[in-house]
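What follows is a single structure, written as structure tokens, with notes after it.
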Amino acid sequence: MNRLVGLVDKLRRERILQPGEFIELLNNPDEQSRKYLFAQAVEVRRQIYGDEVYIRGLIEFTNYCRNNCYYCGIRRDNSSLQRYRLTPEEITTCCDQGYALGIRSFVLQGGEDAANNDAYMVEIIRAIKSRFPDCAVTLSIGERSRDSYQTLFAAGADRYLLRHETANEAHYVSLHPSTMSWAHRRRCIEQLKEIGYQVGCGFMVGSPGQTWQHLADDLLYIRNLEPHMVGIGPFIPQHDTPFAHYPAGSVELTLILLAVIRLLLPDVLLPATTALGTLCANGRERGLLAGANVVMPNISPAYARENYLLYDNKLNSGSEAVEGYYELLRSIEGIGYHAVSARGDCKRL
Ligand code: SAM
């Protein structure tokens, strides 16, 4: 039997591989093994989530950030960016529009903006939860104190996305200025889990300096953490960052990693990310066909979408988010899946 096909079987059966085995599987697998890996991931996903795709309405509500991550277009030192911050009314209007489209899960994402203090975030979370009690609210607003996470959870936030970025400390140091700490980020993720959030971690595929060993470390970290969600997407350079001249990550490797993560954690919520859709016209559909089960259409106002520029050529459906949304739904139906109007919680037993 083809050795890599055997490794896929082992991964499906045992939900873990040795680091060297992960690397063998990730590093340019032959056509037969790749197809087999995707087929296994899709089957496992289907057993748990059927043909359903969960929709998250993404609201990029501020692009102010106190951090200076070397890869990120909204880093503090990027002075070419027009900064914006949505008002609470603008945020609830996004939710109104999303709700009318059938969206029942909203993700509030932003830079680490000093204006996002606890009182302000509590006000926004309460406003959304009281208006839409049947919807889930996910936060993706970076590193905060345990008390703050606790306060926002008590206000009604259900989920929190905080990518770990890389499980290797030296690699983390090479991606971030010394004001940021690998250990602190991991501690934040642990605290979020302890508090009771549905937690998401994740990383960029092909970030500068990433090695096969780092990816194996990421997979082992994810397997041990058992998050409810994992967000991965290719690194894409942004022209006003220190990493402007590094090449983008590989679409193919991102798809392979999505499939491997599905087999590691069969019930995980796995988005086919915007970054994947940016590098490849049908990237999000290919992500779903590799084991992903979530898409996150952007429902922010046009002026926000134009300025939340984490990387170059970011996928943007133009002035009308609604048009892009219907197109996305059609493309999901086109590959045999079905977008559902639901909170879309993790089906973990
Ligand atoms: N500030 C919050 C945080 O730190 O989690 C949320 C916003 S942050 C911009 C969201 C994610 O965007 C990061 O975790 C990072 O993985 C991703 N990202 C940033 N720059 C990117 C780039 N150039 N290419 C691909 N993904 C990028």
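Both ligands and their constituent atoms are indexed starting at 1 by order of listing.
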*Short list, please: which atoms of ligand 1 are under 4.0 Å from a heavy atom of G110?*
1 (N), 2 (C), 6 (C), 7 (C)
*Between atom CG of L161 and atom NE2 of H228, what is the distance when rounded to the nearest 0.5 Å?*
12.0 Å
*Would G233 count as a contact of ligand 1 if the rule is a heavy atom under 4.0 Å away?*
no
*Within-shell test, G249 vs ligand 1, heavy atom, strictly < 4.0 Å*: no
_Short side-chain donor-acceptor distance under 3.5 Å, D9 and Y36_ = yes
*Pick, from A275, A248, P234, the option with the minimum heavy-atom distance to atom 25 (C) of ligand 1.*
P234
*Nearest neighbour in protein (non-hydrogen) for atom 13 (C) of ligand 1*: E165 OE2, 3.3 Å
*Does a salt bridge link D267 with R348, judged by any charged N lying under 4.0 Å from a carboxylate O?*
yes
*Identify, for atom 21 (C) of ligand 1, the protein heavy atom at the shortest distance, and state residue, atom and that distance.*
M204 SD, 3.8 Å
_Within the 4.0 Å heavy-atom shell around L162, which atoms of ligand 1 are there?_
5 (O)
*Taking the inter-plane angle between the rings of Y160 and Y149 on a 0 to 90° scale, is it parallel (under 30°), tilted (30 to 60°) or perpendicular (over 60°)?*
perpendicular
*Nearest protein heavy atom to atom 12 (O) of ligand 1, by residue and atom, and its distance?*
L310 CD1, 3.6 Å
*Scan side-chain atoms only and decide if N313 and T278 contain a donor-acceptor pair under the 3.5 Å cut-off.*
no
*ligand 1 contact by Y308, heavy-atom criterion under 4.0 angstrom*: yes
*Which is closest to atom 4 (O) of ligand 1 in terms of heavy atoms, E143, R163, R185?*
R185
*Write out the residue and atom name of the closest protein heavy atom to atom 24 (N) of ligand 1, then the distance separating them to 0.1 Å.*
I236 N, 3.0 Å
*Pick out which of H176, R75, R76, E112 makes a side-chain hydrogen bond (donor to acceptor under 3.5 Å, both in side chains) with N67.*
E112
*Strictly under 4.0 Å, does any heavy atom of Q238 approach an atom of ligand 1?*
no
*Give a yes or no on whether atom 8 (S) of ligand 1 lies under 4.0 Å from any heavy atom of the protein.*
no
*Closest approach of any protein heavy atom to atom 20 (N) of ligand 1, naming residue and atom*: Y71 CD1, 3.4 Å
_For the residue pair S300 / N298, report whether a side-chain donor-acceptor contact shorter than 3.5 Å exists._
yes
_Between R34 and E31, does any NZ, NE, NH1 or NH2 come within less than 4.0 Å of an OD or OE carboxylate oxygen?_
yes
*State whether a side-chain donor-acceptor pair under 3.5 Å links Y84 with E90.*
no
